[in-house]
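Contents: one structure, followed by commentary.
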Protein chains: 2
Amino acid sequence: MLSKKTKYGIKALTYLAKQENKTPVQIATISKSENISLKFLESILLTLRKNGVLGSKKGKGGGYYLLKDPSEIQMTSIMRILEGPISMVPCVSLNFYEKCDDCPDENACAVHNLMLEVRDSTLQIFRNTSLADLCKC
Amino acid sequence: MLSKKTKYGIKALTYLAKQENKTPVQIATISKSENISLKFLESILLTLRKNGVLGSKKGKGGGYYLLKDPSEIQMTSIMRILEGPISMVPCVSLNFYEKCDDCPDENACAVHNLMLEVRDSTLQIFRNTSLADLCKC
DNA sequence: ATTTTACCCTACTTAATTAATAGGGTATGC
DNA sequence: GCATACCCTATTAATTAAGTAGGGTAAAAT
């Protein structure tokens, strides 16, 4: 299941991407528009800022803004920052690999090979989808 | 993330599918072979039996066995029984649909549409993969 | 008939994670 | 210098995952 953190994060990002100009948007504005708890959203946007997706400005007229063009923000990076691994099992993860305790041979493991297929197809979607693509809905 | 329940369940099913004859296999045998906690595996196999995937026989010489041919057991049904929804958000689920609290219009929701794509591609893999296919590894 | 085998079932527990909430601190602009 | 709006840490309630405990029951072997 996708966490609310990721869901809210993506919604906030599309909100920012839809802005005409690049002036900062306040957390409270996004919070109200997207029905997201203000404090929870605050921590999510902070995470995105720390990972180089967003910039921020303090004080009056401050807020958050995208650091790159929406077309250059891939869903793979957003998912990895907010949700963590894209694969369903650590043993097929590219960025968060971990060996299974119970499994002596990965290549002979049915679960491994099935989840490898799932990861590949999911990854392909995330790689081919940018924030700009999401805004077309 | 895939739960251990599902992972162990799939491993146990492939173990049963690989049997030459259709004589029942004891829980303890699978438990040892696949490095799965006996009691945990017991509850998993019970779930699979209650959902019509496995049959069981009590007493000496008893155990669990597949009710259908491995080629007729789709991964979609196994995933739904053990893991639950295949989609990452309830609002794109075919079998476990739920409306989002925060979202006024699903069709305009970026997360919804992205996860719809992911669900479709994942579903296609699970539909095209049978237990027999898993055993080919 | 009795014993052994092996599944059947309920309840409990521990740890981790999620989704917040609380409560201040700090930089910025007017 | 004061209001604004982000920055940061800590705490918490609820849920789920992953087992663990302990006994019950049906079937087969003796």
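First the proteins, then the strands, lettered A, B, ... as listed; each starts at 1.
Between A:Ser43 and D:dC8 there is no side-chain N or O to OP1 or OP2 distance below 4.0 Å. Side-chain N/O atoms of A:Tyr65 include none lying less than 4.0 angstrom from OP1 or OP2 on D:dC6. Between C:dT21 and A:Ser37, a contact under 4.0 Å exists linking OP1 or OP2 to a side-chain N or O.
For the residue pair B:Ser3 and B:Glu83, a side-chain donor N or O sits within less than 3.5 Å of a side-chain acceptor on the partner. Under the 3.5 Å distance criterion, with hydrogens and angles disregarded, no donor-acceptor pair is assigned to the side chains of A:Ser93 and A:Glu98.
Annotation: of the two residues near DNA chain C, B:Lys60 and B:Ser56, the 5′-most nearest-nucleotide partner is B:Lys60. Take the nearest nucleotide of DNA chain C for A:Lys4 and for A:Gly59: the residue whose nucleotide is more 5' is A:Lys4.
In the set D:dA18, D:dC6, D:dT25, D:dA18 carries the atom at the smallest distance from any side-chain atom of B:Ser3. When distances run from any side-chain atom of B:Glu42 to the nucleotides C:dA19, C:dC8, D:dA29, the shortest one goes to C:dC8.
The distance from atom CG of B:Asp101 to atom P of C:dT18 is 19 Å, rounded to the nearest whole Å. Rounded to a whole Å, the CZ atom of B:Phe40 is 17 Å from the P atom of C:dT14. Taking atom CD1 of residue A:Ile44 and atom P of nucleotide C:dT18, one finds them 12 Å apart after rounding to whole Å. Separating the CZ atom of B:Arg49 from the C1' atom of C:dC7 is a distance of 8 Å, rounded to the nearest angstrom. Going from atom CD of A:Gln26 over to atom P of D:dA3 covers 17 Å, rounded to whole Å. At whole-Å resolution of the value, NZ in A:Lys57 and P in C:dA27 are 17 Å apart. A straight line from CG of B:Leu41 to P of D:dT20 spans 13 Å, rounded to a whole angstrom. One can place NZ of B:Lys58 at 4 Å from C1' of D:dA26, the figure rounded to the nearest angstrom.
Under the 3.5 Å distance criterion, the side-chain polar atoms of A:Arg119 are matched with a main-chain donor or acceptor of A:Val92. Proximity of a side-chain donor or acceptor of A:Thr47 to a complementary backbone N or O of A:Ser43 within less than 3.5 Å is detected. A donor-acceptor contact shorter than 3.5 Å is absent between the side chain of B:Thr129 and the backbone of B:Phe126.
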Derivation of the salt bridge (Lys or Arg N to Asp or Glu O under 4.0 Å) call for B:Lys4 and A:Asp102: CA-CA 11 Å; B:Lys4 301 241 173 185; A:Asp102 54 304; 5.4 Å; no
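A donor-acceptor contact under 3.5 Å is formed by the side chain of B:Lys39 with the base of D:dG22.
Contact annotation for B:Ile27: backbone-only contact, meaning every heavy-atom pair under 4.0 Å involves sugar-phosphate atoms and none involves a base.
Sorted by residue number, the list of members of residues 7-21 of chain B with any non-hydrogen atom under 4.0 Å from DNA chain C is empty.
B:Tyr64 is not listed as a side-chain neighbour of B:Leu48, based on a closest heavy-atom distance of 4.5 Å or more.
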